[in-house]
Amino acid sequence: MTATRPVIGFYSEFDDPIIWRSRIEDELPDVTFDLLGPDDVKEVRYALVWNPPHGLLSKLKGLEAIFVLGAGVDALLRDPSLPNVPIVRLQDAGMGIQMAHYVAYGVLRFQREFAVYERQQASRDWNPLLNIEPIESFGVGVLGLGAIGSRVVESMGHLGFPARGWSVSGRSARPIETLSGDSGLKTLLTCSRVLVNLLPLTPNTERFYDKHFFDQIKPGTFFINLGRGNHVVEDDLIQALDANVLSGALLDVFNQEPLQSTSALWHHPKVLITPHVSGLTNATKAMDQIISNIKLIEAGSKPTGLVNRQQGY
Ligand code: GLV
(Lines give C-alpha, C1' and ligand atoms only; values in the text may rest on other atoms or scores of the structure.)
Protein backbone atom coordinates (compact mmCIF):
# COMPACT_ATOMS: atom_id res chain seq x y z
CA MET A 1 0.00 0.00 0.00
CA THR A 2 1.37 3.45 -0.89
CA ALA A 3 1.21 6.15 1.81
CA THR A 4 -1.16 8.98 0.84
CA ARG A 5 0.43 12.37 0.20
CA PRO A 6 -0.29 14.98 2.87
CA VAL A 7 -2.69 17.66 1.67
CA ILE A 8 -2.49 21.41 2.32
CA GLY A 9 -5.96 22.93 2.05
CA PHE A 10 -6.25 26.64 1.25
CA TYR A 11 -9.17 29.00 1.90
CA SER A 12 -9.07 32.78 1.54
CA GLU A 13 -11.24 35.25 -0.31
CA PHE A 14 -8.43 37.77 0.04
CA ASP A 15 -5.19 36.00 -0.90
CA ASP A 16 -4.25 34.76 -4.37
CA PRO A 17 -4.13 30.92 -4.30
CA ILE A 18 -2.11 30.70 -7.53
CA ILE A 19 1.10 32.09 -6.04
CA TRP A 20 0.62 29.97 -2.93
CA ARG A 21 0.11 26.84 -5.00
CA SER A 22 3.21 27.37 -7.09
CA ARG A 23 5.49 28.20 -4.14
CA ILE A 24 4.19 25.27 -2.06
CA GLU A 25 4.54 22.84 -4.96
CA ASP A 26 8.14 24.05 -5.46
CA GLU A 27 9.16 23.84 -1.82
CA LEU A 28 7.10 20.95 -0.54
CA PRO A 29 7.12 18.48 -3.45
CA ASP A 30 5.69 15.70 -1.30
CA VAL A 31 2.44 17.47 -0.48
CA THR A 32 -0.67 18.18 -2.53
CA PHE A 33 -2.13 21.71 -2.59
CA ASP A 34 -5.91 21.87 -2.69
CA LEU A 35 -8.50 24.64 -2.52
CA LEU A 36 -11.13 24.35 0.20
CA GLY A 37 -14.80 25.12 -0.22
CA PRO A 38 -17.25 25.59 2.67
CA ASP A 39 -18.92 22.21 2.16
CA ASP A 40 -15.84 20.12 1.48
CA VAL A 41 -15.35 17.00 3.55
CA LYS A 42 -11.74 16.16 2.80
CA GLU A 43 -8.60 14.64 4.21
CA VAL A 44 -6.36 17.69 4.91
CA ARG A 45 -3.27 17.73 7.11
CA TYR A 46 -2.64 21.48 7.17
CA ALA A 47 -5.26 24.17 6.58
CA LEU A 48 -4.05 27.60 5.40
CA VAL A 49 -6.93 29.98 5.94
CA TRP A 50 -8.10 33.57 6.23
CA ASN A 51 -11.58 34.11 7.68
CA PRO A 52 -13.02 30.70 6.74
CA PRO A 53 -16.77 30.33 7.23
CA HIS A 54 -17.64 28.78 10.61
CA GLY A 55 -17.77 25.00 10.33
CA LEU A 56 -15.41 24.69 7.34
CA LEU A 57 -12.47 23.49 9.41
CA SER A 58 -14.47 21.03 11.50
CA LYS A 59 -15.41 19.11 8.34
CA LEU A 60 -11.78 18.35 7.47
CA LYS A 61 -10.45 14.92 8.34
CA GLY A 62 -6.96 14.26 9.73
CA LEU A 63 -6.28 17.96 10.37
CA GLU A 64 -3.03 18.50 12.30
CA ALA A 65 -2.61 22.29 12.29
CA ILE A 66 -4.28 25.48 11.14
CA PHE A 67 -2.18 28.28 9.66
CA VAL A 68 -3.77 31.71 9.65
CA LEU A 69 -2.85 33.99 6.73
CA GLY A 70 -2.84 37.03 9.00
CA ALA A 71 -1.80 38.25 12.43
CA GLY A 72 -5.17 38.33 14.20
CA VAL A 73 -6.99 35.13 15.15
CA ASP A 74 -10.05 36.69 16.81
CA ALA A 75 -12.43 35.77 13.96
CA LEU A 76 -11.13 32.20 13.81
CA LEU A 77 -11.46 31.68 17.58
CA ARG A 78 -15.12 32.70 17.40
CA ASP A 79 -15.90 29.56 15.35
CA PRO A 80 -17.75 27.35 17.90
CA SER A 81 -16.77 24.19 15.99
CA LEU A 82 -13.07 25.06 15.67
CA PRO A 83 -11.08 21.79 15.81
CA ASN A 84 -8.74 21.36 18.74
CA VAL A 85 -5.45 21.41 16.81
CA PRO A 86 -2.52 23.86 17.04
CA ILE A 87 -3.15 27.25 15.43
CA VAL A 88 -0.21 29.15 13.99
CA ARG A 89 -0.50 32.82 13.06
CA LEU A 90 1.76 35.11 11.09
CA GLN A 91 4.24 37.14 13.03
CA ASP A 92 4.73 40.51 11.36
CA ALA A 93 5.15 39.15 7.77
CA GLY A 94 5.78 42.60 6.33
CA MET A 95 2.89 44.20 8.22
CA GLY A 96 5.02 45.78 10.96
CA ILE A 97 6.87 48.22 8.73
CA GLN A 98 3.71 49.25 6.87
CA MET A 99 1.90 49.84 10.14
CA ALA A 100 4.86 51.82 11.47
CA HIS A 101 4.64 54.03 8.36
CA TYR A 102 0.87 54.37 8.79
CA VAL A 103 1.30 55.52 12.39
CA ALA A 104 4.16 57.86 11.40
CA TYR A 105 1.86 59.44 8.81
CA GLY A 106 -0.89 59.96 11.40
CA VAL A 107 1.39 61.27 14.12
CA LEU A 108 3.32 63.64 11.82
CA ARG A 109 0.15 64.90 10.14
CA PHE A 110 -1.20 65.72 13.58
CA GLN A 111 1.98 67.09 15.18
CA ARG A 112 2.95 69.23 12.14
CA GLU A 113 -0.68 70.32 11.62
CA PHE A 114 -0.78 69.34 7.95
CA ALA A 115 -4.60 69.36 8.06
CA VAL A 116 -4.45 73.11 8.71
CA TYR A 117 -2.19 73.61 5.67
CA GLU A 118 -4.57 71.56 3.52
CA ARG A 119 -7.40 73.91 4.52
CA GLN A 120 -5.18 76.97 4.00
CA GLN A 121 -4.17 75.83 0.53
CA ALA A 122 -7.83 75.54 -0.46
CA SER A 123 -8.19 79.27 0.23
CA ARG A 124 -4.69 80.24 -1.07
CA ASP A 125 -3.71 81.28 2.42
CA TRP A 126 0.08 81.56 3.08
CA ASN A 127 0.23 81.32 6.83
CA PRO A 128 3.14 79.51 8.53
CA LEU A 129 2.21 78.02 11.90
CA LEU A 130 5.15 78.87 14.08
CA ASN A 131 4.02 77.45 17.40
CA ILE A 132 3.63 73.79 16.67
CA GLU A 133 4.15 71.50 19.64
CA PRO A 134 7.77 70.38 19.96
CA ILE A 135 8.45 66.77 19.17
CA GLU A 136 10.23 66.29 22.54
CA SER A 137 6.97 66.65 24.47
CA PHE A 138 4.76 64.94 21.92
CA GLY A 139 4.28 61.54 23.55
CA VAL A 140 3.15 58.59 21.48
CA GLY A 141 1.61 55.69 23.40
CA VAL A 142 1.21 52.31 21.74
CA LEU A 143 -1.21 49.83 23.34
CA GLY A 144 -0.25 46.25 22.46
CA LEU A 145 3.34 45.07 22.21
CA GLY A 146 3.20 42.02 19.99
CA ALA A 147 5.53 41.74 17.00
CA ILE A 148 3.76 44.63 15.25
CA GLY A 149 3.20 46.90 18.26
CA SER A 150 6.87 46.58 19.25
CA ARG A 151 7.95 47.53 15.73
CA VAL A 152 5.63 50.55 15.71
CA VAL A 153 6.69 51.86 19.12
CA GLU A 154 10.38 51.47 18.28
CA SER A 155 10.02 53.31 15.01
CA MET A 156 8.24 56.21 16.69
CA GLY A 157 11.16 56.38 19.13
CA HIS A 158 13.58 56.44 16.17
CA LEU A 159 11.65 59.38 14.71
CA GLY A 160 12.40 61.28 17.92
CA PHE A 161 9.05 61.07 19.68
CA PRO A 162 8.90 60.10 23.36
CA ALA A 163 7.37 56.69 22.64
CA ARG A 164 5.97 54.36 25.28
CA GLY A 165 4.33 50.98 25.03
CA TRP A 166 1.67 49.37 27.18
CA SER A 167 0.64 45.73 27.20
CA VAL A 168 -1.77 43.56 29.13
CA SER A 169 0.91 40.92 29.70
CA GLY A 170 3.67 43.30 30.82
CA ARG A 171 5.82 42.46 27.79
CA SER A 172 8.91 44.58 27.27
CA ALA A 173 9.99 46.31 24.05
CA ARG A 174 13.39 47.55 25.20
CA PRO A 175 14.91 50.11 24.95
CA ILE A 176 11.46 51.72 24.78
CA GLU A 177 9.74 52.43 28.10
CA THR A 178 7.06 49.78 28.58
CA LEU A 179 4.16 49.85 30.99
CA SER A 180 1.38 47.53 32.10
CA GLY A 181 -1.53 47.32 34.52
CA ASP A 182 -3.90 50.09 35.59
CA SER A 183 -1.19 52.36 36.95
CA GLY A 184 0.90 51.90 33.80
CA LEU A 185 -2.12 52.78 31.70
CA LYS A 186 -2.65 55.93 33.76
CA THR A 187 0.95 56.96 33.13
CA LEU A 188 0.59 56.24 29.41
CA LEU A 189 -2.57 58.32 29.15
CA THR A 190 -0.99 61.22 31.03
CA CYS A 191 2.11 61.26 28.82
CA SER A 192 0.58 60.70 25.38
CA ARG A 193 -0.61 63.16 22.75
CA VAL A 194 -1.33 60.23 20.43
CA LEU A 195 -2.67 56.81 21.40
CA VAL A 196 -2.27 53.90 19.00
CA ASN A 197 -4.34 50.74 19.36
CA LEU A 198 -2.54 47.52 18.46
CA LEU A 199 -3.99 45.23 21.12
CA PRO A 200 -5.06 41.73 20.15
CA LEU A 201 -8.85 41.39 20.16
CA THR A 202 -9.87 39.06 23.00
CA PRO A 203 -12.88 38.97 25.35
CA ASN A 204 -10.75 41.10 27.74
CA THR A 205 -9.93 43.81 25.20
CA GLU A 206 -13.27 43.99 23.37
CA ARG A 207 -14.86 47.45 23.89
CA PHE A 208 -11.64 48.56 25.66
CA TYR A 209 -11.96 52.09 24.26
CA ASP A 210 -15.26 53.14 25.77
CA LYS A 211 -16.56 56.22 27.59
CA HIS A 212 -14.73 55.22 30.76
CA PHE A 213 -11.45 55.04 28.81
CA PHE A 214 -11.97 58.34 26.97
CA ASP A 215 -12.88 60.01 30.30
CA GLN A 216 -9.35 59.26 31.50
CA ILE A 217 -7.32 60.60 28.57
CA LYS A 218 -5.72 64.02 28.22
CA PRO A 219 -8.08 66.38 26.37
CA GLY A 220 -6.81 66.87 22.83
CA THR A 221 -5.39 63.37 22.40
CA PHE A 222 -5.34 61.96 18.86
CA PHE A 223 -6.41 58.31 18.42
CA ILE A 224 -5.17 55.83 15.83
CA ASN A 225 -6.86 52.43 15.52
CA LEU A 226 -5.21 49.70 13.50
CA GLY A 227 -6.16 46.82 15.80
CA ARG A 228 -9.77 45.74 15.41
CA GLY A 229 -12.99 47.73 15.18
CA ASN A 230 -14.51 45.91 18.14
CA HIS A 231 -11.86 47.29 20.47
CA VAL A 232 -13.82 50.53 20.26
CA VAL A 233 -17.33 51.58 21.23
CA GLU A 234 -17.90 53.75 18.18
CA ASP A 235 -20.67 55.89 19.74
CA ASP A 236 -18.37 56.68 22.68
CA LEU A 237 -15.55 57.55 20.26
CA ILE A 238 -17.83 59.98 18.38
CA GLN A 239 -18.92 61.52 21.67
CA ALA A 240 -15.28 61.98 22.74
CA LEU A 241 -14.54 63.68 19.39
CA ASP A 242 -17.57 65.95 19.66
CA ALA A 243 -16.67 66.90 23.24
CA ASN A 244 -13.10 67.76 22.12
CA VAL A 245 -11.72 65.10 24.43
CA LEU A 246 -10.22 63.61 21.28
CA SER A 247 -8.84 66.08 18.78
CA GLY A 248 -9.09 63.59 15.94
CA ALA A 249 -8.87 59.97 14.90
CA LEU A 250 -7.26 57.98 12.13
CA LEU A 251 -9.21 54.74 11.78
CA ASP A 252 -8.39 51.67 9.70
CA VAL A 253 -10.77 49.18 11.35
CA PHE A 254 -14.44 49.34 12.28
CA ASN A 255 -17.21 47.53 14.19
CA GLN A 256 -18.61 46.46 10.84
CA GLU A 257 -16.51 46.18 7.68
CA PRO A 258 -17.01 47.53 5.10
CA LEU A 259 -18.07 50.55 7.18
CA GLN A 260 -21.81 51.03 6.61
CA SER A 261 -22.67 54.00 4.42
CA THR A 262 -24.91 55.29 7.24
CA SER A 263 -22.03 55.52 9.77
CA ALA A 264 -21.52 59.01 11.19
CA LEU A 265 -17.78 58.36 11.03
CA TRP A 266 -17.67 58.82 7.23
CA HIS A 267 -18.46 62.52 7.44
CA HIS A 268 -17.01 63.40 10.81
CA PRO A 269 -14.72 66.41 10.31
CA LYS A 270 -12.14 65.05 12.75
CA VAL A 271 -11.96 61.52 11.38
CA LEU A 272 -9.72 60.07 8.69
CA ILE A 273 -10.77 56.68 7.34
CA THR A 274 -8.87 53.95 5.51
CA PRO A 275 -10.42 50.59 4.51
CA HIS A 276 -8.42 48.10 6.66
CA VAL A 277 -5.18 48.54 4.72
CA SER A 278 -2.71 49.74 7.35
CA GLY A 279 -0.71 46.50 7.12
CA LEU A 280 -1.24 44.17 4.19
CA THR A 281 0.29 40.72 4.42
CA ASN A 282 3.38 40.41 2.24
CA ALA A 283 2.67 37.12 0.43
CA THR A 284 6.36 36.21 0.02
CA LYS A 285 7.11 36.73 3.71
CA ALA A 286 3.92 34.91 4.73
CA MET A 287 4.86 31.95 2.49
CA ASP A 288 8.42 31.92 3.92
CA GLN A 289 7.02 31.74 7.47
CA ILE A 290 4.33 29.16 6.83
CA ILE A 291 6.49 26.85 4.69
CA SER A 292 9.31 26.94 7.22
CA ASN A 293 6.79 26.16 9.98
CA ILE A 294 5.36 23.22 8.03
CA LYS A 295 8.90 21.90 7.55
CA LEU A 296 9.47 22.25 11.32
CA ILE A 297 6.30 20.33 12.15
CA GLU A 298 7.09 17.62 9.59
CA ALA A 299 10.52 17.27 11.22
CA GLY A 300 8.88 16.84 14.64
CA SER A 301 9.72 20.35 15.96
CA LYS A 302 7.56 23.16 17.29
CA PRO A 303 6.48 25.90 14.87
CA THR A 304 6.88 29.60 15.70
CA GLY A 305 3.82 31.80 16.14
CA LEU A 306 1.71 29.24 18.00
CA VAL A 307 -1.51 30.73 19.32
CA ASN A 308 -2.41 30.38 22.98
CA ARG A 309 -6.14 29.76 22.85
CA GLN A 310 -6.63 30.78 26.49
CA GLN A 311 -5.00 34.14 25.87
CA GLY A 312 -6.69 34.50 22.51
CA TYR A 313 -3.57 35.45 20.53
C1 GLV B 1 -5.22 41.72 9.58
O2 GLV B 1 -6.08 42.39 10.06
C3 GLV B 1 -4.53 40.65 10.25
O4 GLV B 1 -4.91 40.29 11.37
O5 GLV B 1 -3.57 40.13 9.68
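Order of listing sets the numbers, starting from 1, for every ligand and every atom in it.
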Atoms in ligand 1 with a heavy atom of [X] nearer than 4.0 Å:
X      : answer
Gly70  : 5 (O)
Gly72  : 3 (C), 4 (O), 5 (O)
Met95  : 5 (O)
His276 : 1 (C), 2 (O)

Report task. Check whether the ring centres of Trp50 and Phe14 lie less than 6.0 Å apart, and answer yes or no. Result -> no
**Report entry** Ile297 vs Phe67 side-chain heavy atoms within contact, under 4.5 Å
**Finding:** yes
Requested in this report: Mind telling me whether Phe10 and Trp20 have parallel, tilted or perpendicular rings, with 30° and 60° as the class edges?
Outcome: tilted
Report task. Can you label the angle between the Phe223 ring and the Phe214 ring as parallel, tilted or perpendicular, going by 30° and 60°? Result -> perpendicular
**Report entry** Within reach of ligand 1, part of Phe14 (heavy-atom separation under 4.0 Å)
**Finding:** neither
Query raised in the report: For Thr281 and ligand 1, does the shortest N/O to N/O distance drop below 3.5 Å?
Result: no
**Report entry** For atom 3 (C) of ligand 1, the protein heavy atom that lies nearest, with its residue and separation
**Finding:** Ala71 N, 3.4 Å
Query raised in the report: For His54, does the NE2 atom have more than 12 heavy-atom neighbours from other residues, nucleotides or ligands under 6.0 Å away?
Result: yes
Query raised in the report: Have Lys270 and Asn244 got a donor and an acceptor in their side chains that come within less than 3.5 Å?
Result: yes
